[in-house]
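The block underneath contains the structure these notes are about, expressed in structure tokens.
Letters A, B, ... are given to chains in the order of the sequence lines, protein chains preceding strands, and every chain is numbered from 1.
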Amino acid sequence: MSAISREEVSHLAMLARIDLTPDELDRMAGQLDVILDAVATVREVAGDDVPATSHPMPLTNVTRPDEVRPSLTPEQALSGAPESEQQRFRVPRILEED
Amino acid sequence: MATELTHHTAAQLAEGLRAQQFSAVEVTRAHLNRIAEVDGDVHAYLHIAGNTALATARSVDAALAAGEQLPALAGVPIAVKDVMATQGVPTTCGSAILKGWVPPYDASVIRRIKDARMPILGKTNMDEFAMGSSTEHSAYGPTRNPWDLTRIPGGSGGGSAATLASFTAPLATGTDTGGSIRQPAAVTGTVGVKPTYGAVSRYGLVALASSLDQAGPCARTVLDAALLHEVMAGHDPMDSTSLTGQYPDVVAAARRGALGDLGGVTVGVVRELGGDGYQAGVRQRFDEAVDLLTAAGAKVVEVSCPSFTAALGAYYLILPSEASSNLAKFDAMRYGIRVYPKGVDDPTAEQVMAATREVGFGAEVKRRIILGTYALSSGYYDAYYGSAQKVRTLIQRDFAAAFEVADVLISPTSPTTAFPLGDKLDDPLSMYLQDVATIPANLAGVPGMSLPAGLAEEDGLPVGLQILAPARCDDRLYLVGAAVEAALTSRWGGALLDRAPSLDREAV
Amino acid sequence: MGASGTGETVLAYDEAMAAYDPVMGLEVHVELNTATKMFCGCPTTFGAEPNSQVCPVCLGLPGALPVLNAKGLEGAVRIGLALNCTIASWCRFARKNYFYPDMPKNFQTSQYDEPIAFDGHLDVELDDGTTFRVEIERAHMEEDTGKSSHVGGATGRIHGAEYSLVDYNRAGIPLIEIVTKPLVGAGDRAPEVARAYVSALRDLLRALGVSDVKMEQGSLRCDANVSLRKRVSDDATSSEQKAVPFGIRSETKNVNSLRSIERAVRYEITRQAARLAAGRRVVQETRHWHEDTGVTTAGREKSDAEDYRYFPEPDLVPIAPEAAWVEQLRTTLPEPPAQRRRRLQTEWGFGDLEMRDVVNAGATEAIEATVVAGASPATARKWWMGELARQANTRGLELSALAITPAQVAELQALVDAGTLNDALARQVVEGVLAGEGGPAEVVAARGLELVSDDGPLIDAVEAAIAAHADVADKVRGGKVAAVGALVGAVMKQMRGKADAARVRELLMERLTP
Ligand SMILES: [Zn+2]
């Protein structure tokens, strides 16, 4: 696969919500290239017939009963909030409805 | 008296407390004094919880005086890796983004430690969000290796390992995603165990890579590790991946192993985890350990795990992918620091998130988040993340085949001894190679232990021996580990750590 | 062509239909009515005080982990079965990664390429009695987000707000997302099909008992994807028409009433048609429906750059429903709504039109329960489709939200049948019940609304009326029987309504005719 460009890193930083500086973009593009090169072996090792493993232990069907457990108090919930108002988390304006 | 108490093993402390030879307050105070004395140099602790530790110790003393039956390690102090949410105590994961965060809840492991009535001395330093092998990626400055203060103590759990090696705690907790318990144990001459995935609850452990993370004990002896393992492990309904069913008695296995007889045990030497790329002194101590196992009656065979060569690559795709998602929650909205972008009037939530994450995360964290974001992107998913998950299957198959012929597998824990601080900071890839021998266990979910194998001849620094066992067979680590430890300490005429620098102010 | 509110230029519906064939995709999110959230033990009570139903898990605190609610899984499987879906023998959750302040972890725990249920259908009855089969693509499990309120700016809307306040009580409430395959062949009835589908789905979910399905509270929400393609045939179901490739679609979010769904789809058809007719392209974007002006406005543009980076959720283990369990759940399914409707219509003896009105008014359950409580089908229908529908309408409520139970309606009717109440008094009793004054019997007693059944006072009043209106009485005596109405009215007035008008008339006639 082709080398990772500075523009690509910039796009990834946008997706990951990190406001990287121009310097960081340059440096990271170079470092990611080296790392991706090193990890590229994974693409050669496993054939199409090999199933993927997402969970190390083969557990299934783990559920809990639909029973109420104590919640935090609103004070606890808001204790780490950078800002709060009216018992809600105050956040900067949101650009677009999702 | 104080020094003596800090140099006791946890088992000795537990015994002495029960016999009321000394009090829990004395034990805790001795460790707090030792911290005050040496941790300025070592910097193993990020936060010291002296008052609550002493309060716990006092309650243990009162209970002992009243003749109450207490858990085995009641009154034995412990240091806790800062990745574990601890109610009322700052929990930062070595990151600036969580500076000042005080969790409103306890991790299940912390709950268990509290139920075991163990005084928590404080929170230990770590690479930011457990990303690293040197503890240099902590936002709060590196921890130094007690064997040589100019060198790294390993990582990410360098803080926990260093508390043990500097005698500021008899026990500590760790988390191991690719070697973060075992590699620090190796380079500090201590014992560290990564249990089977799911043996210890992950609830309340700030996640790095969910499918790889596993918490475990850090100690100075195999028996101490087993005692703490027993406290930490057990089913937790709050963790969907927590194991249920029968779990082996690791303490009994450690006691049995200490008798030194490994007759009937087959030990497999993993061909791919050794040879070139491993420091000469590391190879030498490893070869000696192999001889020692043979002498103890074990049958030693060579096994091949060909897919292990792709383990590092798979690991550095799976880990960043999961981490990029796990760390998305640090966005300045609900907890942690909030940074407003410079020169922007009336910034949006989105801009505040990006500015906070830029300032709050260190270089290694940002690198891995970007890498993971890339590996999960729609055009690259199959090539990277998808392929890595397949490699994972192959590694599990290699382990299964190896465990057909061997009861445990062994290798050096780390290819090198502790390297100087700053040595690999600008070369992420060479830092990643530190974990080449420890990573396969995490990918497969199997348990692993590192214990001291001696000092490398060329630099006089500790070397670790890694033991790996099949999933749910953690007891085998303790059986074999205790046997090796017994043989080595009798050869050395004492524990390896006896040879570590004292760090005492007067002695410097 | 003409402008509509703050919306774009639209084409007349007939013109749009003459040129284009609409294709729809409907995504319905339904909140399950479990006691606790999907992945934690927090309660799901609607309207609790802000951030009082949150814990480390649903607040996305560092270290917290999800555990699946067994009841949530059961609800998902039952919905899948009721929609004639295949239930996955093995599936996983996936993380949908995107940043948004009301989403605590900045990923939504959802399902991606392995939904719990897939490939089903729901037969939907249209207004004219014909049936339209809606193919179901999938139904999957996920979690709801928190709720933001926007402060400052003009209207409390998101645009122009100074900042927002977030309440995470809703975060983590179990959601089932039900996605249709592209609905083709509806032709000019597309808006009606959309409405009828959501209505049928709502009835089904209500019958399953898995959700409150209150659109006004957001426990059932609908997103409508609409696109247009060229019309090449008069028959929307013809094979040549079906062969035409789909156009670019818009996605109208959160349309929160049945009526709005129909209107929103209709609006989008006319809006897109106008663009296409003018040679402009339709933009692939999210659009927001405005109930007040009846238009949609553009939201976020959906570009290819949007990348949710889905991957299997490592913190939840795979789900492998056992066949026996699934079959056992199948036995708990309610009768399919269409079949049930036909059965009830026969049992009740309603005409087709009557039954359709009942269904459209959402009164089936209420009438059924009222009949069970002892009323005749005809009287039950009269109440729910008459006075009670009027009361609901003036209050802006759904029938089911009225503060009167079917049992109370049956009790009321029993009082009428027993001659204790007449219709006018019964309506007053309804007012009393709705005002929270108690059950019908209590209201009758408290307000003193009982009919006077003793003839004594009635005869006094009748004779007084004949004396007071001698002229009218003479007319009646003279054979103008119709004039007796005025006398009846006078007696009723005298009795302040608490008399049986039929009995009054009888007493009058006894006295005025030989
Ligand atoms: Zn919760």
Side-chain angles (χ1 to χ4, degrees), chain A residues 4-5 7-20 32 36 39 42 46 50-98, chain C residues 34-36 40-43 49-56 59 61 67-73 90 92 97-103 106 145-146 148-153 158 161-168 253 286 288 299-300 305 307 309 311-314 316-322:
Chain A
I4 186 163
S5 68
E7 287 63 43
E8 220 164 341
V9 175
S10 169
H11 173 68
L12 293 168
M14 187 275 292
L15 278 179
R17 296 285 184 281
I18 304 177
D19 199 2
L20 291 180
L32 290 181
L36 284 171
V39 301
V42 300
V50 180
T53 295
S54 55
H55 297 71
M57 303 298 282
L59 305 180
T60 54
N61 297 336
V62 175
T63 59
R64 61 177 178 84
D66 184 27
E67 287 162 11
V68 173
R69 288 174 49 93
S71 298
L72 295 171
T73 63
E75 294 69 37
Q76 286 177 314
L78 291 156
S79 63
E83 284 183 272
S84 66
E85 193 176 303
Q86 296 172 34
Q87 209 169 298
R88 292 170 173 88
F89 292 83
R90 179 173 164 160
V91 304
R93 66 197 178 90
I94 300 169
L95 251 198
E96 174 62 81
E97 210 139 13
D98 190 73
Chain C
T34 50
T36 65
C40 66
C42 288
E49 67 169 286
N51 294 302
S52 64
Q53 299 183 348
V54 294
C55 72
L59 205 51
L61 292 189
V67 185
L68 177 61
N69 184 340
K71 196 88 183 170
L73 172 62
W90 191 88
R92 288 177 294 192
N97 293 286
Y98 65 98
F99 285 81
Y100 202 76
D102 67 11
M103 204 167 51
N106 284 323
T145 59
S148 310
S149 42
H150 308 293
V151 182
I158 193 160
E162 284 164 36
Y163 58 93
S164 298
L165 297 174
V166 192
D167 168 15
Y168 291 102
K253 288 277 200 186
T286 297
H288 303 296
R300 197 159 41 94
D307 187 345
R309 287 158 285 134
F311 71 101
E313 165 59 281
L316 291 164
V317 304
I319 299 152
E322 282 177 36

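- Of the listed residues Glu49(C), Gln53(C), Met103(C), Glu322(C), the one with more heavy-atom pairs under 4.5 angstrom with chain A than any other is Glu49(C).
- Among Pro56(C), Cys40(C), Cys42(C), Ser52(C), the one residue that satisfies the side-chain contact (heavy atoms from CB on, under 4.5 Å) test with Ser71(A) is Cys42(C).
- No other option in Arg69(A), Arg17(A), Met57(A) has as many heavy-atom pairs under 4.5 Å with chain C as Arg17(A).
- Only the backbone of Ala16(A) comes within contact range of chain C, with at least one heavy atom under 4.5 Å from a heavy atom of that chain.
- With a threshold of 4.5 angstrom between heavy atoms, Glu67(A) approaches chain C through N, CA, C or O but not through any side-chain atom.
- Between the CD atom in Gln76(A) and the SG atom in Cys55(C) there is a gap of 11.0 Å [rounded to 0.5 Å].
- For Pro318(C), the parts sitting under 4.5 Å from any heavy atom of chain A are the backbone and the side chain alike.
- Checking side-chain atoms of Asn51(C) against main-chain N and O of Pro74(A) turns up no donor-acceptor pair under 3.5 Å.
- Chosen from Arg93(A), Arg88(A), Arg64(A), Gln87(A), the residue pairing most often with chain C at heavy-atom distances under 4.5 Å is Arg64(A).
- When heavy atoms are compared at a cutoff of 4.5 Å, Ile319(C) approaches chain A by way of both its backbone and its side chain.
- Of the atoms belonging to Pro50(C), heavy atoms from both backbone and side chain fall under 4.5 Å from chain A.
- Looking at Leu73(C), only its side chain comes within 4.5 Å of chain A, counting heavy atoms on both sides.
- Interface remark: of the candidates Ala77(A), Pro56(A), Pro58(A), Pro70(A), Ala77(A) forms the most heavy-atom pairs closer than 4.5 Å to chain C.
- Between chain C and the residues Leu72(A), Asp66(A), Thr63(A), the largest count of heavy-atom pairs under 4.5 Å involves Asp66(A).
- Contact check for His150(C) versus Ile94(A): side-chain heavy atoms found under the 4.5 Å cut-off.
- Counting only N and O atoms by type, the side chains of Tyr163(C) and Glu83(A) include no donor and acceptor under 3.5 Å apart.
- Only the side chain of Ser148(C) comes within less than 4.5 Å of a heavy atom in chain A; its backbone stays farther off.
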